[in-house]
Protein chains: 2
Amino acid sequence: MATTETPAEPLSIGEVAERTGLSVHALRFYEREGLLVGPVRRTSGGRRRYTTSDVDWLLICVKLRESGMPLADLKRFAELVRHGPGNEAERLRLLDAHRQRVDAQIQALEECRSVITWKVAVYAEHLARGEAEGLWAPTT
Amino acid sequence: MATTETPAEPLSIGEVAERTGLSVHALRFYEREGLLVGPVRRTSGGRRRYTTSDVDWLLICVKLRESGMPLADLKRFAELVRHGPGNEAERLRLLDAHRQRVDAQIQALEECRSVITWKVAVYAEHLARGEAEGLWAPTT
DNA sequence: ACTTGATCTAGACCTCACTCCAGCTCGTAG
DNA sequence: CTACGAGCTGGAGTGAGGTCTAGATCAAGT
């Protein structure tokens with residue numbers, strides 16, 4: 001774990017954007033929305049200083065988002081983590097429910113892929129044997 | 001092919017909604033947006049009458065949408081089909097590009113799933129051995 | 001004829017997840 | 001000191017993809 005980096009140097013918002021793939025806009029937005037576990041430290045001048053564990057959390061967030069978890073759920077999860085120990089069962093339920101959704105998504109995508117693949121094959125064959133036949137006149 | 005139904009009875013918008021999973025609103029919206037291959041027939045009273053090939057096309061659309069094809073691409077595809085034969089190569093490119101995106105998506109989701117699964121395991125183990133340890137004090 | 005329920009149109013509205021802007025401040029390099 | 005880029009805030013704007021409303025019409029049942 002930990003971002004394969006010095007274990008203590010705080011990072012600027014730009015650096016965090018770079019290593020999470022989120023935009024600086026998105027990072028500020030996530031913070032406003034309460035998606036981070038703790039408040040982000042600031043320099044005396046008011047600039048955000050992210051810790052490596054902030055970044056680790058964000059990397060998890062990115063994976064959860066990427067797999068379609070809505071921000072509302074992410075927020076809920078962050079709240080649970082924020083309120084410390086005692087709610088692990090609920091965190092587990094939340095994650096596990098999401099994992100199931102991801103599985104369903106993968107299955108759905110695989111089904112879509114096979115439909116598309118079939119359609120691609122239809123066109124490929126059609127092209128191979130030269131243009132002809134109403135390929136979709138009523139329906140392929 | 002064909003929707004395992006009488007090959008000629010036209011369907012109302014409600015029936016089509018039922019068998020495609022799209023809402024009647026969505027069906028009208030898709031039509032306005034030019035996502036259908038041909039214009040939908042109407043009764044003398046102005047009600048839409050869908051043919052089974054309309055439904056077949058919509059079922060393809062649903063699969064493409066479900067796998068993340070943007071409406072704009074779907075529209076492009078519909079246009080190609082609408083303009084009849086001669087552009088099959090382009091249709092093929094469009095579909096094949098999409099198939100590649102779907103593959104990438106599946107891969108990404110699988111990666112997400114493994115991250116989530118790992119996280120679920122962490123919580124499960126934690127719960128099994130009884131509450132303790134700052135599971136996220138810095139980072140899990 | 002009356003009632004009921006499905007449809008019709010045009011257009012306003014909605015959610016989600018950001019993204020961008022104005023106007024200002026910070027901080028580092030020359 | 002000056003410039004200049006990166007960061008700050010609050011709030012408005014964006015784009016995708018629908019969803020909903022109002023007010024009218026159609027069609028079938030009783």
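Throughout, a chain's letter reflects where its sequence line sits, starting with A, and its residues are numbered from 1.
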Just the rounded figure in Å: distance from [atom2] of [N] to [atom1] of [X].
{"X": "Ile13(A)", "N": "dT19(C)", "atom1": "CD1", "atom2": "C1'", "result": "13 Å"}
{"X": "Leu27(A)", "N": "dG7(D)", "atom1": "CG", "atom2": "P", "result": "10 Å"}
{"X": "Glu18(A)", "N": "dA6(D)", "atom1": "CD", "atom2": "C1'", "result": "13 Å"}
{"X": "Glu15(A)", "N": "dG5(D)", "atom1": "CD", "atom2": "C1'", "result": "14 Å"}
{"X": "Phe29(A)", "N": "dA12(D)", "atom1": "CZ", "atom2": "P", "result": "16 Å"}
{"X": "Arg32(B)", "N": "dT7(C)", "atom1": "CZ", "atom2": "C1'", "result": "14 Å"}
{"X": "Leu35(B)", "N": "dG18(D)", "atom1": "CG", "atom2": "C1'", "result": "12 Å"}
{"X": "Glu33(A)", "N": "dT19(C)", "atom1": "CD", "atom2": "P", "result": "13 Å"}

Regarding [X] and [Y], does a basic nitrogen lie under 4.0 Å from an acidic carboxylate oxygen?
{"X": "Glu15(B)", "Y": "Arg19(B)", "answer": "no"}
{"X": "Asp73(A)", "Y": "Arg101(A)", "answer": "yes"}
{"X": "Arg76(B)", "Y": "Glu79(B)", "answer": "yes"}

Looking at Arg47(A) and dA6(D), is any side-chain donor or acceptor paired with a base atom of the opposite kind under 3.5 Å?
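Pair found.
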
Between dT9(C) and Arg28(B), counting only base atoms on the nucleotide and side-chain atoms on the residue, is there a donor-acceptor pair under 3.5 Å?
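No such pair is found, so the answer is no.
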
NA contact type, Arg49(B), heavy-atom cut-off 4.0 Å: base, sugar-phosphate, or nothing?
nothing

Map Gly46(B) and Arg65(B) onto DNA chain D by nearest heavy atom, then report which one ends up closer to the 5' terminus.
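Checking each residue's closest nucleotide, the 5'-ward one belongs to Arg65(B).
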
On DNA chain D, nearest-nucleotide positions of His25(B) versus Val24(A): which is more 5'?
Val24(A)

Ala26(A) or Thr43(A): which one's nearest nucleotide on DNA chain C is closer to the 5' end?
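Looking at the nearest nucleotide for each, Ala26(A) comes out on the 5' side.
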
Just to confirm, is there a sub-4.0 Å distance from OP1 or OP2 of [N] to any side-chain nitrogen or oxygen of [X]?
{"X": "Tyr30(A)", "N": "dC18(C)", "answer": "yes"}
{"X": "Arg48(B)", "N": "dT7(C)", "answer": "no"}
{"X": "Ser23(B)", "N": "dT19(D)", "answer": "yes"}
{"X": "Ser12(B)", "N": "dT7(C)", "answer": "yes"}

Does atom CD (Gln107(B)) have a neighbourhood of more than 12 heavy atoms from anything else shown, all under 6.0 Å?
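Counting neighbours around CD of Gln107(B), 12 or fewer heavy atoms of other residues, nucleotides or ligands fall under 6.0 Å, so no.
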
On the 0 to 90° scale, with breaks at 30° and 60°, tag the Trp57(A)-Phe77(A) ring pair as parallel, tilted or perpendicular.
tilted

